[in-house]
Amino acid sequence: MTEEAVRTSSALTALVADLTSALGAEAVTEEPAARKVASTDWAHMSPILAARLPAGLADVVAYPADPEQIATAVHLAHQHGIPVTPRGQGTGNYGQGIPLCDGLVVDTSRCNRVLEVGEGWVHAEAGTSFVAIESAARKQDQEIAILPSTVGSAIGGFLAGGSGGTGSIENGFIWDDYVSELRIAACTDRPELVTVRGADCRPHLHAYGVTGVIATATVRLVPRRDWIGLLASFGDEASAVAAGRELMRLDPLPRILSVDEPAVVATFPADPAIPLGRFSVRAVIDRPTETAARAAVTAHGGVVEDVRGNGAAYLASLSFNHITHRARKARPELCHLQIAGDAMITRGEELRALLPDTMVHLDGFTMDRAEGPTFAGMLLCRFESAEKLYAGIERMRELGVQVDDPHTWLLGGDLTATRAAARRFDPAGLLNPGKLPSE
Ligand SMILES: Cc1cc2nc3c(=O)[nH]c(=O)nc-3n(C[C@H](O)[C@H](O)[C@H](O)COP(=O)(O)OP(=O)(O)OC[C@H]3O[C@@H](n4cnc5c(N)ncnc54)[C@H](O)[C@@H]3O)c2cc1C
């Protein structure tokens with residue numbers, strides 16, 4: 001063993017002892033199966049990331065039971081100089097939750113209480129699932145403004161690793177007034193829970209936990225609606241897209257609106273209301289808008305195949321990255337890209353010619369409040385090699401299509417605020433190392 005390895009090993013032993021004494025023996029494990037589970041997420045959805053797996057293995061996993069214990073676990077990791085990666089339910093699909101430098105994984109799943117529900121907001125512990133939050137909100141005739149299609153994932157994981165989903169047509173993304181307050185466990189020389197509010201929450205969103213571990217979050221609730229699922233089919237793309245746009249003018253707006261071409265439909269489980277060979281439009285709409293929604297479908301030459309009173313959860317499972325999951329189950333050779341911009345529709349034919357077997361799924365979103373609802377897309381294509389995929393991405397950008405690369409665990413975009421927050425909340429650079437690119 002090298003001198004450094006000996007030092008790390010004795011630091012780990014000391015960390016495990018301290019965690020056990022602070023959190024209790026039942027809240028700390030070095031058991032191999034638990035370490036493996038805590039080191040895995042949905043990165044295997046990407047053939048590029050899958051080729052790099054396994055990419056790290058937790059040495060120890062802690063399961064804090066409340067916000068104070070999260071702060072204690074993170075502080076102890078700092079004290080012993082051990083890397084620490086936070087974890088919700090591990091459904092992130094860019095490998096965000098993989099402990100690339102091993103060390104401690106702080107699994108927040110036991111810290112899962114809805115603390116308070118107020119008019120227009122809910123305050124919950126980081127590990128609380130969306131199922132639990134929706135259930136608490138609905139008792140007060142409210143519902144959560146945005147949630148991912150992975151309803152079992154945790155609020156802390158969604159804020160740190162996700163972006164939008166169900167509810168994003170009306171309410172935008174997690175950085176659009178969704179979060180009013182966070183309590184953040186800092187990785188510093190004392191156990192610290194720091195409260196940040198309003199715009200100060202922004203650097204902690206979609207930051208993969210490198211700016212501190214979210215211990216509790218207060219997020220937006222909206223009035224509860226009576227959601228139903230409408231399934232329609234069309235003979236051509238232009239009509240399906242036009243109907244989709246009109247459905248996104250219903251008042252109130254749909255909670256989900258998805259459009260698929262026949263090649264994507266062919267990867268779905270059989271459903272007579274999603275006929276093979278036709279373009280499918282599916283919308284989660286408020287029950288009082290059903291007549292207007294039916295009229296929008298028929299006005300564009302479509303057929304209303306079914307309206308289901310309890311169809312909302314099912315249609316969520318046919319939206320966003322669930323499409324990639326289903327498509328890759330049916331055709332493992334496929335891979336995905338997140339795309340946006342009108343060019344993905346107006347230059348659809350050229351787009352489909354760039355990479356083999358290209359098909360496009362659309363979901364309704366509001367990207368810019370001034371412009372109102374529009375579409376974002378998931379492009380599926382046959383994966384041949386990383387080089388060919390990235391060459392295709394370049395050409396997509398030349399067409400004016402915006403592409404978000406889901407095949408990297410490195411944080412992207414303007415990271416100025418993220419870096420500043422990381423310096424404050426993680427001066428030693430121990431939080432989820434390997435995700436924040438070096439300057
Ligand atoms: C089939 C499928 C469908 C999906 N659909 C959507 C969708 O509709 N919308 C969407 O946005 N995403 C979607 N995702 C991605 C993922 O489900 C979401 O981002 C999800 O909310 C992550 O939550 P989680 O609890 O699983 O977090 P994890 O995967 O455990 O963690 C995600 C990231 O956040 C960090 N983290 C976890 N907890 C904390 C914390 N308390 N404090 C700080 N950092 C933390 C982790 O280190 C990791 O970097 C989908 C994924 C799959 C596989």
Side-chain angles (χ1 to χ4, degrees), residues 39-57 90-101 161-163 206-208 210 237 260-264 266-267 320-363 375-415 418 432-439:
S39 307
T40 312
D41 65 6
W42 279 65
H44 55 79
M45 217 179 219
S46 151
I48 294 175
L49 294 178
R52 300 174 66 182
L53 301 177
L57 180 64
T91 65
N93 52 277
Y94 319 133
Q96 302 103 305
I98 297 176
L100 296 178
C101 297
S163 53
H206 204 77
Y208 302 175
V210 303
E237 185 185 26
D260 283 295
E261 61 185 87
V264 181
T267 68
F320 310 106
N321 242 325
H322 270 83
I323 297 296
T324 312
H325 171 47
R326 288 187 187 281
R328 279 178 50 81
K329 228 164 132 181
R331 294 183 52 191
E333 76 278 14
L334 295 174
C335 74
H336 69 300
L337 293 173
Q338 291 164 199
I339 57 174
D342 276 352
M344 70 182 176
I345 296 169
T346 56
R347 306 194 68 176
E349 210 172 305
E350 294 156 274
L351 176 65
R352 284 173 179 78
L354 295 178
L355 289 166
D357 294 356
T358 293
M359 45 186 144
V360 175
H361 160 85
L362 301 175
D363 282 306
F375 287 112
M378 196 70 78
L379 180 146
L380 297 158
C381 64
R382 180 152 43 84
F383 180 73
E384 293 180 324
S385 69
E387 293 68 31
K388 286 190 182 166
L389 185 67
Y390 284 108
I393 291 176
E394 277 314 301
R395 293 169 67 197
M396 286 176 203
R397 290 186 171 137
E398 283 160 24
L399 285 182
V401 175
Q402 296 156 35
V403 184
D404 259 348
D405 178 7
H407 303 285
T408 173
W409 46 56
L410 283 177
L411 284 159
D414 179 356
L415 296 172
T418 314
N432 207 354
K435 309 296 163 53
L436 184 59
S438 42
E439 279 177 275

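In what follows, residues are counted from 1 in the order of the sequence shown.
A donor-acceptor contact shorter than 3.5 Å links the side chain of Q96 to the backbone of Y94. With K435 contributing its side chain and I98 its backbone, the two residues share a donor-acceptor pair below 3.5 Å. In terms of modelled atom types and a separation under 3.5 Å, the side chain of D357 and the main chain of L334 share no donor-acceptor contact. A donor-acceptor pair under 3.5 Å is formed between the side chain of R397 and the backbone N or O of V403. For R352 (side chain) and G348 (main-chain N/O), a donor-acceptor pair under 3.5 Å exists by modelled atom type. For the pair H336 (side chain) and L380 (backbone), a donor-acceptor distance under 3.5 Å is absent.
Between R328 atom CZ and S46 atom OG the span is 7.5 Å, to the nearest 0.5 Å. Here the CG-CG distance, from L49 to N93, works out to 9.0 Å after rounding to the nearest 0.5 Å. Between the NE2 atom of H361 and the NE2 atom of H322 there is a distance of 11.5 Å, given to the nearest 0.5 Å. Here CG of L362 is found 5.0 Å from CE of M344. Values are rounded to the nearest 0.5 Å. C381 contributes atom SG, which lies 6.0 Å from atom CE of M396 (distance to the nearest 0.5 angstrom). Between atom CE of residue M359 and atom CG of residue D260 there is a gap of 10.0 Å, rounded to the nearest 0.5 Å.
Other residues, nucleotides and ligands contribute only 12 or fewer heavy atoms inside 6.0 Å of the CZ atom of R395.
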Mind running side-chain contact (heavy atoms from CB on, under 4.5 Å) on Y390 and I48 for me, showing each step along the way?
-> CA-CA 11 Å; Y390 284 108; I48 294 175; 3.8 Å; yes
Take N321 and Q338 through the test side-chain contact (heavy atoms from CB on, under 4.5 Å) and record every step on the way to the result.
-> CA-CA 9 Å; N321 242 325; Q338 291 164 199; 4.2 Å; yes
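In this structure, W409 and G434 approach most closely via the heavy-atom pair CD1-O, 4.1 Å. Between G162 and H206, the shortest heavy-atom distance links the atoms O-ND1, 2.6 Å. The nearest pair of heavy atoms linking P99 to S39 is CD-CA, 3.6 Å. Closest approach of W42 and G90 over heavy atoms only: CD1-O, 3.3 Å. Contact between L415 and P437 at its shortest, heavy atoms only, is CD1-CD, 3.7 Å. Of all heavy-atom pairs between E261 and V360, the closest is OE1-N, 2.8 Å.
The side-chain contact (heavy atoms from CB on, under 4.5 Å) with F375 is formed by just one residue from the set D342, I345, D363; it is I345.
The shortest distance between side-chain heavy atoms of V401 and L379 does not fall below 4.5 Å. Between P47 and H407, some side-chain heavy-atom pair lies under the 4.5 Å cut-off.
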